[in-house]
Amino acid sequence: MSIPSKYDAKQVESKWYDYWMKNNYFHSTPDEREPYTIVIPPPNVTGVLHMGHMLNNTIQDVLIRRARLLGKNACWVPGTDHASIATEAKVVAKLKEQGIDKNDLTREEFLKHAWEWTEEYGGVILEQLKKLGCSCDWDRTKFTMDDDMSEAVIKVFVDLHEKGLIYRGYRMVNWDPEAKTTLSDEEVIHEERQGLLYYLNYKIEGSKDTLTIATTRPETIFGDTAICINPNDERFSHLKGKNAIVPICNRVIPIIEDEYVDVEFGTGCLKVTPAHDENDKILGDKHKLEVVDIFNEDASLNSFGMQFEGQDRFVARKAVAKLLEETGVLAKTETHVNKVGTSERTKAVIEPRLSDQWFLKMEELVKPAIKAVLGEDSEINLFPKKFENTYRHWMENIRDWNISRQLLWGQQIPAYFYGDGKEDFVVAENKEEALVKAQEKTGNTALKTGDLKQDTDALDTWFSSWLWPMSVFDGIRNPENEDIKYYYPTNDLVTGPDILFFWVARMIISGYEYKGEKPFNNVYLTGLVRDKQRRKMSKSLGNSPDALKLIEEYSADGVRVGLLLSSAAGNDLMFDEALCQQGKGLGNKLWSALYLTTIWSVEDIEQPNSSKIAIEWFESKFQKALMEIEDHFGKYRLSDALMAIYKLIYDDFCGWLLEMVKPAYQQPIDKKTYNSVMSIFEDNLKIVHPFMPFLTEEIWHQISERTPEEALIISKWPETKPVNESLISEFDFASEVISGIRNIRKQKNIPFKDAIGFSIINNEKTTTTFDEVIAKLGNLGSVDYVTETVDGALTFRVKSNEYFVPMGGRIDVDAEIKKLSDELNYTEGFLKSVQKKLSNERFVAGAPEQVIANERKKESDALAKIETLKTSLASLQ
RNA sequence: UGAGGUAUAGCUCAGUGGUAAGAGCAUCACGCUUACAUCGUGAAAGUCAUAGGUUCGACUCCUAUUGCCUCAACCA
């Protein structure tokens with residue numbers, strides 16, 4: 001068999017992905033095996049793969065592939081999200097480029113454009129996931145706007161409405177003036193902004209007095225309907241019951257009193273604009289104030305803005321301030337830092353706005369979801385655990401969820417109006433049912449479908465994705481079907497903490513409401529991918545590498561390993577391409593190990609004892625590593641698991657085992673050793689496979705011809721067997737001896753090919769198990785056990801054993817003496833600290849027996865070593 | 001402002017009430033020894049943030065301080 005000495009990732013990766021697909025390994029159907037299920041966090045349908053997705057999906061693929069190897073029925077459901085606001089914004093922008101205004105289109109026309117867009121770009125990201133090696137069950141690919149998915153959403157809306165949990169209300173909501181839609185509280189990002197605090201003088205009616213008010217938004221004075229002071233503030237007691245006059249528009253407004261006002265802040269009095277501030281709205285309701293809305297839907301001023309009508313709020317802010325300054329109303333300005341709400345999607349500054357919207361009552365719904373995560377007997381685990389606090393805080397302070405959006409792209413709200421009154425509507429799954437309900441409600445049998453007008457708003461995207469773990473298995477429409485019964489609850493969910501509330505918490509809520517059961521067992525929360533300087537990766541910074549280019553350069557396997565090398569759950573990942581290089585390096589290492597085994601000629605000859613021991617040792621070492629790896633997986637410490645594997649391959653397998661069994665140049669290898677090594681190699685491939693699926697599958701098939709039933713992807717994870725601990729510790733000792741030999745060779749520039757003599761004073765009474773291995777790796781001409789110090793030799797010590805490499809007297813006696821004295825000094829210092837401890841009566845009385853025994857052992861070891869060192873020193877001097 | 005997290009080698013991070021503190025990468029030195037220079041061997045590198053306390057013993061537990069991160073929040 002001859003293989004290329006260099007690994008060609010590009011060609012190999014596409015070959016094996018096609019092979020896996022052709023053999024349907026990713027596809028899952030319910031059977032008698034234990035299921036292992038993951039639903040993908042659906043990326044935006046028109047999105048492209050970024051580093052966050054790569055990390056996220058690599059983790060999912062590692063978990064899925066491992067589960068598959070463990071013999072579970074692994075099912076990873078992929079799909080995309082219609083992402084209403086983001087997608088609609090993109091479509092609107094594209095139409096604008098073509099000179100088309102969204103407002104000139106009918107709903108149907110717009111949706112046609114949106115679907116075209118979705119079909120053009122949708123699924124690109126899924127193709128990219130294939131390049132990464134993701135073993136999703138593509139036959140199950142779902143889209144949140146698929147007919148069946150939408151049907152489920154509507155069904156749930158109707159159901160929740162019937163339960164009285166969905167209601168329509170006139171409320172202060174977050175208005176995105178750019179997208180011209182409302183947003184949920186979670187879609188608003190509070191950003192710190194440097195702004196100005198304007199001090200304005202308001203005249204008092206029937207008086208020469210003025211009152212100074214501090215505001216950050218002078219343009220909202222047109223909406224002022226009161227001034228508020230604190231009743232306990234004596235500075236303003238003379239103003240109680242009086243009226244103030246709004247500058248520019250000269251409207252007369254009352255001065256009201258409320259303890260809400262902070263006496264310390266600004267001037268201690270507040271202008272109240274109930275239409276444009278949540279707190280002002282509360283104050284307004286309490287004091288029954290008039291509500292004056294001064295903005296259009298794009299946040300330009302309306303006719304209440306007088307001469308400023310039509311100006312954008314920020315333009316108007318400056319213009320109004322200027323006029324106020326000219327008319328002497330503006331007393332002064334100060335710089336002021338405050339938090340401004342911005343739209344997660346459009347970045348526009350959010351305008352609090354009063355409007356009719358649909359809400360979901362959360363108070364009762366969250367209860368089981370809180371218990372599921374936080375209780376003593378919690379059913380859902382968050383990794384890392386610290387997010388439980390965040391979760392608790394949010395869930396316990398939850399407010400009703402605004403689920404309506406003034407968008408077209410999404411599920412249209414199934415409310416049908418038959419009149420102009422606020423209550424003149426029914427909620428139904430379709431128009432026909434709506435008609436029946438409307439007729440019943442009104443008693444008017446003459447109503448026709450044509451009289452019904454469906455609400456024009458669409459539902460928040462998250463109102464569809466919160467059903468994802470159920471709806472992908474058709475569990476809402478058809479709750480008794482085989483799939484939902486088999487796959488739900490799913491096992492692990494892998495996602496970023498940024499959507500813990502948007503999505504994770506809400507899936508838990510809906511899971512309990514609709515299945516009476518949790519949607520998943522474990523939630524693995526990944527960190528953000530940042531660059532080396534800890535900056536977030538973003539388009540605007542241009543610091544995000546192109547995912548596909550990375551794969552091209554380092555191979556998918558290399559990138560996967562690179563991403564996972566340093567990504568503890570919940571910790572941000574400082575991404576550096578050097579990590580991918582490291583991943584690629586691991587691939588190269590494995591490939592060259594394969595190459596080595598292919599150039600061996602295997603013959604029926606006797607097995608050297610060194611090989612026999614080497615194999616026994618590695619088998620134990622492998623088992624020990626396997627246990628460690630299992631433990632890491634159990635705790636979702638994937639990077640630790642990967643590092644353990646990395647070291648096993650690099651150090652133990654390639655660095656030690658292959659060196660130990662490697663035959664001399666052009667010499668054959670015995671069959672027994674060869675077979676054992678290949679079997680060990682295969683076990684290694686199995687545990688690397690979840691991380692590096694392509695390369696391992698390729699090597700697997702290079703090692704021998706395999707049928708599709710024998711592919712690595714569906715092989716069996718190695719079984720755990722007992723570990724021979726003493727063999728491992730004997731080798732640890734032996735490896736120190738080998739290091740000592742290498743050190744001496746290095747110091748004296750003795751080439752490896754020159755065999756050297758070697759003598760041992762075996763104070764430790766170690767076994768001779770590894771002597772042949774030591775002889776081979778140290779290229780020792782002879783190994784002699786002696787009792788007396790060897791003169792004219794270089795020496796080193798492991799514990800109290802002393803080793804000699806005869807140099808025919810060519811040694812630097814002074815240097816040797818110095819080396820020995822340093823070692824002696826160190827050991828004596830160490831001994832002293834141990835003895836200090838042991839002579840402390842309270843330590844001996846208080847410490848556990850095992851600890852004291854350890855200290856005594858340290859003491860005797862140190863004493864023995866000191867003895868050795870002293871003898872050697874004496875013989876040198 | 002509040003809550004939580006975190007502080008260990010140049011970098012990214014493990015770590016345990018009882019080993020004069022570990023890994024990977026990076027660095028440096030030497031080496032093209034016959035799988036791999038995408039490599040090997042070796043070396044150097046830490047007052048475990050600061051100050052107190054508990055303890056026979058603290059990097060580990062407690063308190064305070066400082067820095068950084070995240071989340072939450074209506075101070076106009």
Side-chain angles (χ1 to χ4, degrees), chain A residues 5-7 190 197-198 213-217 220 228 260-262 264-273 277-280 282 336 338-339 352 384 386-394 397 497-498 500-501 527-528 532 534 558 565-568 570-574 576 578-579 581-582 584-600 637 639-640 642-644 646-647 650 654-655 658-659 662-667 739 742-743 745-747 749 751-754 779 826 829-830 832-834 837 840-848 850-852 854-855 857-858:
Chain A
S5 66
K6 292 247 190 288
Y7 173 64
H190 293 273
L197 194 56
Y198 300 82
I213 288 162
T215 179
T216 51
R217 302 195 61 188
T220 62
C228 189
Y260 164 76
V261 177
D262 182 347
E264 304 290 321
F265 189 87
T267 59
C269 50
L270 170 71
K271 73 187 199 62
V272 186
T273 320
D277 184 279
E278 173 125 35
N279 296 301
D280 288 11
I282 295 165
H336 177 68
N338 65 344
K339 290 268 178 121
K386 67 178 176 185
F387 285 108
E388 289 181 5
N389 269 315
T390 325
Y391 183 85
R392 176 202 307 273
H393 188 263
W394 189 73
N397 294 287
D498 49 333
L500 184 59
F501 307 134
L528 280 174
K532 260 172 103 174
R534 285 195 173 271
L565 272 173
S566 78
S567 60
N571 276 7
D572 286 357
L573 168 69
M574 256 47 75
D576 182 351
L579 291 167
Q581 184 56 48
Q582 213 182 323
K584 196 179 172 188
L586 178 60
N588 180 66
K589 194 74 184 168
L590 281 162
W591 186 256
S592 85
L594 170 71
Y595 185 80
L596 172 66
T597 64
T598 60
I599 58 176
W600 285 339
R637 297 168 65 138
S639 50
D640 289 331
L642 175 57
M643 187 44 77
Y646 182 93
K647 283 194 273 191
Y650 251 91
C654 294
L658 291 181
E659 291 299 329
K662 192 162 78 178
Y665 183 51
Q666 290 193 335
Q667 294 298 303
S739 279
R742 284 172 175 165
N743 246 330
R745 280 186 178 278
K746 185 165 284 286
Q747 268 170 38
N749 267 325
F752 182 79
K753 57 179 187 251
D754 299 348
N779 194 12
Y826 176 89
F830 176 71
K832 223 168 123 185
S833 83
V834 174
K837 236 185 263 184
N840 181 342
E841 274 174 39
R842 303 216 299 198
F843 169 72
V844 180
Q850 186 56 51
V851 173
I852 295 168
N854 278 346
E855 292 299 311
K857 175 80 170 56
K858 277 193 253 168

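Chain A is the first sequence line, chain B the second, and so forth, proteins listed ahead of strands; every chain is numbered from 1.
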For [X] and [N], give me the distance from atom [atom1] to atom [atom2], rounded to whole Å.
{"X": "Leu658(A)", "N": "G40(B)", "atom1": "CG", "atom2": "P", "result": "12 Å"}
{"X": "Lys753(A)", "N": "U41(B)", "atom1": "NZ", "atom2": "P", "result": "19 Å"}
{"X": "Phe752(A)", "N": "U34(B)", "atom1": "CZ", "atom2": "C1'", "result": "11 Å"}
{"X": "Tyr665(A)", "N": "U33(B)", "atom1": "OH", "atom2": "P", "result": "12 Å"}
{"X": "Asp572(A)", "N": "C68(B)", "atom1": "CG", "atom2": "C1'", "result": "12 Å"}
{"X": "Glu659(A)", "N": "U34(B)", "atom1": "CD", "atom2": "P", "result": "11 Å"}
{"X": "Leu528(A)", "N": "C71(B)", "atom1": "CG", "atom2": "C1'", "result": "12 Å"}
{"X": "Asp498(A)", "N": "C71(B)", "atom1": "CG", "atom2": "C1'", "result": "12 Å"}

Counting any heavy atom closer than 4.0 Å, what does [X] reach on the DNA or RNA strands: base, sugar-phosphate only, or nothing?
{"X": "Cys654(A)", "result": "base"}
{"X": "Val272(A)", "result": "nothing"}
{"X": "Gly655(A)", "result": "nothing"}
{"X": "Asn338(A)", "result": "sugar-phosphate"}
{"X": "Glu855(A)", "result": "sugar-phosphate"}
{"X": "Lys858(A)", "result": "sugar-phosphate"}

What closest approach, in Å, do [X] and [Y] show between heavy atoms, and which atom pair accounts for it?
{"X": "Leu579(A)", "Y": "Leu565(A)", "result": "O-CD1, 3.9 Å"}
{"X": "Cys228(A)", "Y": "Val272(A)", "result": "CB-CG2, 3.8 Å"}
{"X": "Tyr650(A)", "Y": "Gly585(A)", "result": "OH-O, 3.4 Å"}
{"X": "Thr216(A)", "Y": "Tyr198(A)", "result": "O-CE1, 4.0 Å"}
{"X": "Pro751(A)", "Y": "Arg745(A)", "result": "O-NH1, 2.7 Å"}

[atom1] gap between [N] and [M], integer Å:
{"N": "U47(B)", "M": "G53(B)", "atom1": "P", "result": "23 Å"}
{"N": "A43(B)", "M": "G24(B)", "atom1": "P", "result": "13 Å"}
{"N": "C61(B)", "M": "A7(B)", "atom1": "P", "result": "10 Å"}
{"N": "U41(B)", "M": "U54(B)", "atom1": "C1'", "result": "47 Å"}
{"N": "U6(B)", "M": "A49(B)", "atom1": "P", "result": "13 Å"}
{"N": "C71(B)", "M": "C28(B)", "atom1": "C1'", "result": "44 Å"}
{"N": "G18(B)", "M": "U60(B)", "atom1": "C1'", "result": "11 Å"}
{"N": "A44(B)", "M": "A29(B)", "atom1": "C1'", "result": "10 Å"}

Which of the following nucleotides, [options], is nearest to the side chain of [X]?
{"X": "His190(A)", "options": "C36(B), A73(B), A72(B)", "result": "A73(B)"}
{"X": "Phe501(A)", "options": "A35(B), U19(B), A72(B)", "result": "A72(B)"}
{"X": "Val834(A)", "options": "C36(B), A20(B), A76(B)", "result": "A20(B)"}
{"X": "Lys339(A)", "options": "A35(B), A73(B), U33(B)", "result": "A73(B)"}
{"X": "Tyr595(A)", "options": "A76(B), U38(B), A35(B)", "result": "A35(B)"}
{"X": "Ser739(A)", "options": "G42(B), A35(B), C75(B)", "result": "G42(B)"}

Is there a donor-acceptor contact under 3.5 Å from the side chain of [X] to the main chain of [Y]?
{"X": "Asn397(A)", "Y": "His393(A)", "answer": "yes"}
{"X": "Asp277(A)", "Y": "Asp280(A)", "answer": "yes"}
{"X": "Asp572(A)", "Y": "Leu528(A)", "answer": "yes"}

Report task. Give the ring-plane orientation class for Trp394(A) versus Phe501(A), where under 30° counts as parallel, over 60° as perpendicular and anything between as tilted. Result ->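 Answer is parallel, since the angle falls under 30°.
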**Report entry** Secondary structure string for RNA chain B (Watson-Crick or G-U under 3.5 angstrom, | for other-strand pairs)
**Finding:** (((((((..((((....[...)))).(((((.......))))).....(((((..]....))))))))))))....
Query raised in the report: Given the rule in the side chain to side chain contact (heavy atoms under 4.5 Å, CB included) test, do Ile213(A) and Cys269(A) qualify, once you have shown the distances and angles that lead to the verdict?
Result: CA-CA 6 Å; Ile213(A) 288 162; Cys269(A) 50; 3.8 Å; yes
Query raised in the report: Which value, rounded to the nearest 0.5 Å, describes the distance between Lys746(A) atom NZ and Ser739(A) atom OG?
Result: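 Rounded to the nearest 0.5 Å, the NZ-OG separation comes to 11.5 Å.
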Review item, nucleotides 43-47 of chain B N/O atoms under 3.5 Å of protein N/O:
none

**Report entry** side chain to side chain contact (heavy atoms under 4.5 Å, CB included) between Val844(A) and Lys837(A), intermediate numbers included
**Finding:** CA-CA 8 Å; Val844(A) 180; Lys837(A) 236 185 263 184; over 6 Å; no
Query raised in the report: Is there a side-chain contact between Pro663(A) and Trp600(A) (heavy atoms, below 4.5 Å)?
Result: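 Yes. Closest side-chain heavy atoms under 4.5 Å.
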Query - Tyr7(A) side chain reached by Asn588(A) side chain, heavy atoms, under 4.5 Å - result: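 They are not in side-chain contact.
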Is the phosphate of [N] approached by [X] (side-chain N or O, under 4.0 Å from OP1 or OP2)?
{"X": "Arg637(A)", "N": "G15(B)", "result": "yes"}
{"X": "Lys662(A)", "N": "A35(B)", "result": "yes"}
{"X": "His336(A)", "N": "A76(B)", "result": "yes"}

Measure all distances between protein nitrogen or oxygen atoms and nitrogen or oxygen atoms of nucleotides 53-56 of chain B, and list the pairs falling under 3.5 Å.
from, atom 1, to, atom 2, distance (Å)
C56(B), O2', Asn840(A), ND2, 2.8

Polar atoms only, N or O, under 3.5 Å: list the protein pairs with nucleotides 3-5 of chain B and their distances.
none

**Report entry** Phe752(A)/Arg742(A) under side chain to side chain contact (heavy atoms under 4.5 Å, CB included): CA gap, chis, key distance, verdict
**Finding:** CA-CA 9 Å; Phe752(A) 182 79; Arg742(A) 284 172 175 165; over 6 Å; no
Between protein and nucleotides 24-32 of chain B, what N or O pairs are separated by less than 3.5 Å?
from, atom 1, to, atom 2, distance (Å)
G24(B), O2', Gln582(A), NE2, 2.8
C30(B), O2, Lys746(A), NZ, 3.0

Query - Along RNA chain B (nearest heavy atom to each residue), the more 5'-positioned of Thr215(A) and Leu596(A) - result: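 Upstream on the strand: Leu596(A).
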Query raised in the report: Mind checking what makes side-chain hydrogen bond (donor to acceptor under 3.5 Å, both in side chains) contact with Arg217(A), not counting sequence neighbours?
Result: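 Arg217(A) satisfies side-chain hydrogen bond (donor to acceptor under 3.5 Å, both in side chains) with Glu219(A), Glu351(A) only.
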Requested in this report: Report yes if a donor N or O on one partner sits less than 3.5 Å from an acceptor N or O on the other, where the partners are the side chain of Tyr260(A) and the base of C75(B); otherwise report no.
Outcome: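 No, no donor-acceptor pair under 3.5 Å.
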